[in-house]
Amino acid sequence: MDHLRRRLPPANSLIVLEAAGRHLNFTRAGEELALTQSAVSRQIQLLEDHLGAPMFHRQGRQLQLTRDGARLHRAVSMGLDHIADVAVDIRRHRGTGELTVATSVAFASYWLMARLTQFRSQHPEIELRLVASTKLHDLVAAGVDIAIRYGSGQWEGLEAIRIFDNEIWPVCAPSYLADRGPLPRVEALLDETLLHLGQFDRNWVTWQAWLAAQGIKAAPRKRGLEFDNYLVLLQAAVRGEGVALCGRRLAEDFIARGDLLRPILTSLRSDRAFYILYPQNIPLSATARKFRDWLVKAAS
């Protein structure tokens, strides 16, 4: 083993080479591996120092593999693909009653958890593991059987089943409107306390975008509140601290319980939707198929 370790380049640099050589872009490779562009560059430099040969060269603004870089990239890709195939096969033959499902924290908290009791009562033999995360790039590597994501429906290497669309509504607590009454028109929102999400991904609809979609370009006249976490933002709305934007599927249980209401019935239909995702070209286990079919029915 020591002899093999001396012959091999640093393992981390080989993984970085595979991603950088596939994307021919250090920034995109870093995004895939959760590394900064400079960290990718350092790993490539470490590999080049170890081998005494450059792996990449630039042609204008385009990054290209050198001849040595292409040879090593091909070998690394083949080796990692073989390792991945064996790992998938091992996972596929684990306990047949195990199931790992990944979704966002918000969807898990405000929609899925309230319905999992039904699934568990129908399938008590299945041991369910829920991974609440928005940053899962490789379902196979993470041991995830099925993921639920909100987006455009295009994910490389994944099958995507659309389960429901989404509308974006303003919502607030009944107590917030106690002394105000229903809002007469959309423009009245400019004088309300609006709850903002300070850090959001490309799927998030901001108040500015929502109001603009209703033909309103003016800025709110009242200072709002900003949060860096959507769960905290929605809880602030439940406490009566202001008006939040919420997707219909996440808001419907709050509204059914009377915790939230719609102060105005105007909505924005999103061009994105919720999807069930699982790896392409890898057959779903019987357990995963049961969950997929149940989820499609529950969402409908």
Side-chain angles (χ1 to χ4, degrees), residues 88 91-151 153 155 158-169 171 173 197 201 203-204 229-239 244-261 270 272-280 282-300:
V88 168
R91 292 193 189 98
R92 189 183 301 145
H93 290 89
R94 67 188 179 184
T96 56
E98 298 178 16
L99 179 69
T100 299
V101 177
T103 185
S104 68
V105 176
F107 187 83
S109 301
Y110 296 142
W111 193 89
L112 185 60
M113 289 301 297
R115 292 160 177 81
L116 278 182
T117 300
Q118 180 191 56
F119 176 77
R120 295 180 65 189
S121 67
Q122 294 175 5
H123 301 285
E125 77 283 3
I126 295 178
E127 181 179 345
L128 182 64
R129 174 174 174 258
L130 187 63
V131 179
S133 172
T134 58
K135 298 181 179 179
L136 280 175
H137 298 288
D138 190 336
L139 302 187
V140 175
V144 171
D145 297 292
I146 283 180
I148 306 161
R149 286 288 183 270
Y150 182 66
W155 287 272
L158 298 176
E159 295 287 348
I161 300 176
R162 190 184 188 108
I163 52 176
F164 44 65
D165 298 331
N166 200 28
E167 291 181 76
I168 311 301
W169 295 340
V171 295
L197 191 64
D201 63 24
N203 295 319
W204 177 254
N229 182 294
Y230 186 64
L231 274 70
V232 177
L233 182 151
L234 210 52
Q235 287 302 314
V238 171
R239 290 193 302 269
L245 286 175
C246 188
R248 176 170 68 92
R249 287 293 183 161
L250 300 186
E252 58 190 7
D253 287 352
F254 284 96
I255 291 174
R257 291 193 302 266
D259 295 330
L260 292 173
L261 53 76
S270 174
R272 300 180 184 273
F274 289 90
Y275 291 85
I276 300 171
L277 305 177
Y278 49 88
Q280 291 175 343
I282 299 177
L284 280 178
S285 66
T287 300
R289 289 197 302 271
K290 289 177 182 178
F291 185 82
R292 177 199 62 190
D293 295 344
W294 168 82
L295 188 57
V296 169
K297 185 176 180 180
S300 65

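Exactly one of Phe274, Tyr150, Tyr275 qualifies for a ring pair (Phe, Tyr, Trp, His ring centres under 6.0 Å) with Phe107. That residue is Phe274.
A donor-acceptor contact shorter than 3.5 Å links the side chain of Arg289 to the backbone of Leu284. At distances below 3.5 Å, not a single donor-acceptor pair connects side-chain atoms of Asp165 with backbone N or O atoms of Ala273.
Ring geometry for Phe119 versus Trp294: interplanar angle of 30 to 60°, hence tilted.
Taking all atoms of both residues into account, the shortest heavy-atom contact from Ser121 to Pro124 is O-CD, 3.7 Å. Taking every heavy atom of both residues into account, Phe164 and Ala299 meet most closely at CD2-CB, 3.3 Å. The two atoms that bring Ala244 and Leu233 nearest to each other are CB-CD2, 3.5 Å, heavy atoms only. Of all non-hydrogen atoms in Ala160 and Leu277, the two that sit nearest each other are CB-CD2, 3.5 Å. The minimum heavy-atom distance between Leu128 and Val101, with the atom names listed, is CD1-CG2, 3.7 Å. Pairing each heavy atom of Tyr230 with each of Gly247, the nearest pair is OH-N, 4.3 Å.
Rounded to the nearest 0.5 angstrom, Lys290 NZ and Glu125 CD are separated by 4.5 Å. If you take CD1 on Ile146 and CG on Leu158, they are separated by 12.0 Å, rounding to the nearest 0.5 Å. Rounded to the nearest 0.5 angstrom, Glu127 CD and Glu98 CD are separated by 5.5 Å. One distance of note links CG of Leu250 with CG of Leu231; it measures 9.5 Å at 0.5 Å rounding. Taken to the nearest 0.5 Å, the CD1 atom of Ile161 stands 9.0 Å off from the CD1 atom of Ile163. If you take OG1 on Thr287 and CD1 on Ile126, they are separated by 5.0 Å, rounding to the nearest 0.5 Å.
Residues Leu234 and Phe254 form a side-chain contact, since some pair of their non-hydrogen atoms from C-beta on lies under 4.5 Å apart. A 4.5 Å side-chain heavy-atom check between Met113 and Leu130 finds at least one atom pair inside the cut-off.
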Steps toward side chain to side chain contact (heavy atoms under 4.5 Å, CB included) verdict (Gln235, Asn229): CA-CA 10 Å; Gln235 287 302 314; Asn229 182 294; over 6 Å; no
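Around the CZ atom of Arg120, the shell of radius 6.0 Å holds no more than 12 heavy atoms that belong to other residues, nucleotides or ligands. Within a 6.0 Å radius of CZ in Arg115, more than 12 heavy atoms belonging to other residues, nucleotides or ligands are found.
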